[in-house]
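Residue numbering restarts at 1 for every chain, and letters A, B, ... go by the order of the sequence lines.
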Number of protein chains: 2
Amino acid sequence: MAATILVVEDEPAIQELISYSLRQAKHTVSSTKNAEEAMKIINDTLPDLVLLDWMLPGMSGADFARMLRRAARTKDIPIIMLTARADESDKVTGLESGADDYITKPFSPRELLARIKAVLRRRAPEAADDVVEIGGLRLDSATHRVTANEIEVALGPTEFRLLHYLMTHSERVHSRSQLLDQVWGDHVFVEDRTVDVHIRRLRKALENVDKDGLVQTVRGAGYRLSAGQAVNAG
Amino acid sequence: MAATILVVEDEPAIQELISYSLRQAKHTVSSTKNAEEAMKIINDTLPDLVLLDWMLPGMSGADFARMLRRAARTKDIPIIMLTARADESDKVTGLESGADDYITKPFSPRELLARIKAVLRRRAPEAADDVVEIGGLRLDSATHRVTANEIEVALGPTEFRLLHYLMTHSERVHSRSQLLDQVWGDHVFVEDRTVDVHIRRLRKALENVDKDGLVQTVRGAGYRLSAGQAVNAG
DNA sequence: AAACAGTATTGCGGTTTTGTGACATTTGCA
DNA sequence: TGCAAATGTCACAAAACCGCAATACTGTTT
């Protein structure tokens with residue numbers, strides 16, 4: 001599943017527990033105690049999900065959530081609120097402020113992970129822990145393996161992410177910029193043409209199992225991964 | 001990418017640098033030193049994006065941003081804040097005031113351009129996934145594919161755009177100049193006759209799936225895409 | 001039927017977009 | 001510290017695409 005998760009929680013014990021659980025589940029975790037610092041982190045790189053304590057020193061969790069929802073860049077980040085109170089009115093305010101889900105302390109790591117998975121699945125198909133199979137090519141994000149006819153394909157990290165994204169969003173054309181946003185991250189400054197090079201590396205790796213035809217170029221538009229062979233009526 | 005960008009920055013040196021970089025990148029730049037004047041310019045013509053210094057004489061950048069967000073006419077203009085301080089509290093206020101992104105001085109022209117690009121891209125809703133189908137011909141803009149009876153038709157970028165336009169405005173005659181405006185772009189210096197050539201290429205590609213009859217010539221008027229037969233009243 | 005005006009076709013030079021291999025750095029790790 | 005894998009850029013080659021103009025058609029008008 002491997003997502004990047006930002007935890008904003010001021011109680012050290014809970015912070016610790018959460019971070020540990022998340023890391024166990026192979027997530028990448030960054031954490032802070034307050035909204036201000038969280039903003040700084042987010043400004044640098046966008047996480048896949050934010051775990052947000054309801055009660056925070058300084059700016060409250062609800063306000064922070066609202067703020068994230070307001071800014072264009074952050075408005076689509078999934079947010080899960082953590083709260084100590086099982087008070088109904090909090091729940092309402094929490095969801096109203098734009099949270100995707102809500103979890104009441106005390107909670108089990110198991111429950112937390114389940115909710116995270118659910119939210120991620122809803123928001124970003126490629127972050128969920130799945131096995132994708134298209135055109136005889138199989139990618140298992142849990143074991144981090146790509147195979148075709150039982151033969152394993154060796155891929156570098158970037159090529160893996162690229163293929164993963166393409167497979168979870170197949171049949172659709174993605175421009176180079178879109179791929180950069182989605183695969184590299186939105187605040188990474190890399191040339192558009194770099195995508196070409198990685199597409200090339202990906203294709204080269206797929207040649208070994210005769211699946212390089214899946215990655216198609218759409219001139220003037222970008223790239224597409226498709227099981228349907230590019231039929232040239234002509 | 002060529003966008004119209006308004007730069008609001010009071011330091012002449014930085015102003016200069018920014019304007020130069022933006023012009024290099026083919027953007028149209030207008031600039032002022034303060035919010036009041038910026039407002040005047042915006043009243044006149046709406047820019048595609050505003051680069052806004054955080055510290056301004058008179059009305060502050062944050063206040064100006066909030067103001068832009070409040071007015072209906074300007075509330076969707078993307079805003080990127082410029083700030084000298086890497087102070088988190090600024091960051092918070094900056095984003096809270098509704099900026100789309102945030103960049104800290106000193107920054108490289110390269111980074112600035114990248115962020116502008118990212119913001120503009122985020123704003124422009126990627127061409128909606130529309131699927132048009134007429135007379136057995138199917139065009140899917142998300143996958144960038146044209147098919148008839150499951151057979152794919154290979155088209156170049158221009159032919160694709162041309163067909164897309166005709167399909168989304170079918171049963172209507174379009175003069176060559178209209179097509180040039182709509183498909184090629186507003187003021188592109190291209191001969192009317194060139195349309196003929198692309199119509200020809202389009203028809204040729206459609207011949208392979210026996211759909212070339214859809215593209216009809218209306219003598220003295222232009223072209224039309226229609227599912228109905230070209231009737232010979234005789 | 002001849003002159004005309006509008007349209008179809010085609011070949012071609014020049015551009016733009018992609019593909020590819022090489023190279024310099026960076027990163028992680030032994 | 002030194003090595004190997006991974007990455008981003010570049011420069012050049014290859015391919016696809018564009019627009020134009022010259023030429024061949026077609027239907028209209030006189």
Side-chain angles (χ1 to χ4, degrees), chain A residues 28 144 146 153-164 173-177 179-181 183-185 187-207 212-225 230 232-234, chain B residues 1-2 26 108 110-111 113-114 144 146 152-164 173-181 183-185 187-207 212-225 230-234:
Chain A
T28 304
H144 212 271
V146 177
V153 183
L155 291 178
T158 306
E159 282 72 54
F160 185 88
R161 284 201 311 276
L162 178 58
L163 178 61
H164 191 194
V173 181
H174 308 278
S175 70
R176 292 177 174 70
S177 318
L179 290 174
L180 283 180
D181 271 5
V183 179
W184 274 256
H187 261 200
V188 180
F189 308 123
V190 171
E191 296 290 323
D192 274 16
R193 291 304 309 279
T194 295
V195 174
D196 296 31
V197 177
H198 285 275
I199 285 283
R200 158 69 176 147
R201 288 171 182 157
L202 176 55
R203 280 177 176 155
K204 204 165 195 174
L206 293 178
E207 272 176 16
D212 53 311
L214 295 183
V215 181
Q216 304 170 358
T217 301
V218 181
R219 189 167 242 268
Y223 296 97
R224 169 180 60 199
L225 187 137
N232 275 343
Chain B
M1 266 298 285
K26 301 284 168 62
S108 67
R110 183 183 147 84
E111 181 179 359
L113 290 174
H144 215 274
V146 176
E152 182 163 356
V153 183
L155 293 178
T158 305
E159 282 73 55
F160 187 90
R161 284 200 310 274
L162 177 58
L163 178 60
H164 189 209
V173 188
H174 307 279
S175 71
R176 293 178 173 69
S177 351
Q178 283 176 318
L179 289 173
L180 282 180
D181 271 4
V183 179
W184 272 254
H187 296 299
V188 187
F189 178 64
V190 170
E191 295 289 325
D192 271 19
R193 294 266 129 244
T194 295
V195 175
D196 295 32
V197 177
H198 284 276
I199 285 284
R200 157 68 175 150
R201 286 171 182 156
L202 177 54
R203 281 176 175 156
K204 201 165 197 174
L206 293 178
E207 274 175 14
D212 53 312
L214 294 182
V215 182
Q216 304 167 0
T217 302
V218 180
R219 195 180 172 83
Y223 299 96
R224 168 181 60 199
L225 186 137
V231 184
N232 282 340

Asker: Just N and O in the side chain of B:Trp184: are any of them under 4.0 Å from OP1 or OP2 of D:dC18?
Answerer: no
Asker: Side chains of A:Val197 and A:Arg201: does their closest heavy-atom pair fall under 4.5 Å?
Answerer: yes
Asker: To the nearest Å, how far apart are A:Asp192 CG and D:dC10 C1'?
Answerer: 15 Å
Asker: Give me the distances for all protein-to-nucleotides 24-27 of chain C N/O pairs that come in under 3.5 Å?
Answerer:
none

Asker: Just verifying a value: how many Å separate B:Lys204 NZ and B:Ile199 CD1, rounded to the nearest 0.5 Å?
Answerer: 14.5 Å
Asker: I need the NE2-P distance between B:His198 and C:dT9, as an integer number of Å.
Answerer: 15 Å
Asker: Using 0.5 Å steps for rounding, measure from the CG atom of B:Asp181 to the NE2 atom of B:His174.
Answerer: 12.5 Å
Asker: Within the pair A:Thr158 and D:dT7, is there a side-chain N or O less than 4.0 Å away from OP1 or OP2?
Answerer: yes
Asker: Just call it for A:Thr194: base, sugar-phosphate, or nothing, with non-hydrogen atoms closer than 4.0 Å on any strand.
Answerer: base
Asker: Could you run through nucleotides 15-20 of chain C and give me one letter per nucleotide, 5' to 3': B if any protein heavy atom sits under 4.0 Å from the base, S if only the sugar-phosphate is that close, - if neither?
Answerer: --BBBS
Asker: Working to the nearest 0.5 Å, report the span between CG of B:Asp192 and CD of B:Gln178.
Answerer: 11.0 Å
Asker: Looking at CG of B:Leu180 and CZ of B:Phe189, how far apart are the two atoms once the value is rounded to the nearest 0.5 Å?
Answerer: 11.5 Å
Asker: Nearest whole angstrom, please: distance from the P of D:dG8 to the CG of A:Leu179.
Answerer: 13 Å
Asker: Just wondering, do B:Glu159 and B:Val153 contact through their side chains at under 4.5 Å, heavy atoms?
Answerer: no
Asker: Return the value, rounded to whole Å, for the distance between atom CD of B:Gln216 and atom C1' of C:dT7.
Answerer: 15 Å
Asker: How long is the line joining CG of A:Leu202 and C1' of D:dT7, in whole Å?
Answerer: 15 Å
Asker: Can you tell me the distance, in whole Å, between the CZ atom of B:Arg201 and the C1' atom of D:dG19?
Answerer: 8 Å
Asker: Could you tell me the separation between the OH atom of B:Tyr223 and the CG atom of B:Asp196, rounded to the nearest 0.5 Å?
Answerer: 3.5 Å
Asker: Using 30° and 60° as the class limits, which term best fits the ring planes of A:Trp184 and A:His198: parallel, tilted or perpendicular?
Answerer: perpendicular
Asker: To the nearest 0.5 Å, tell me how far A:His144 NE2 sits from A:Leu155 CG.
Answerer: 9.0 Å
Asker: Could you state the CZ-P distance from A:Arg161 to D:dA6, rounded to the nearest angstrom?
Answerer: 12 Å
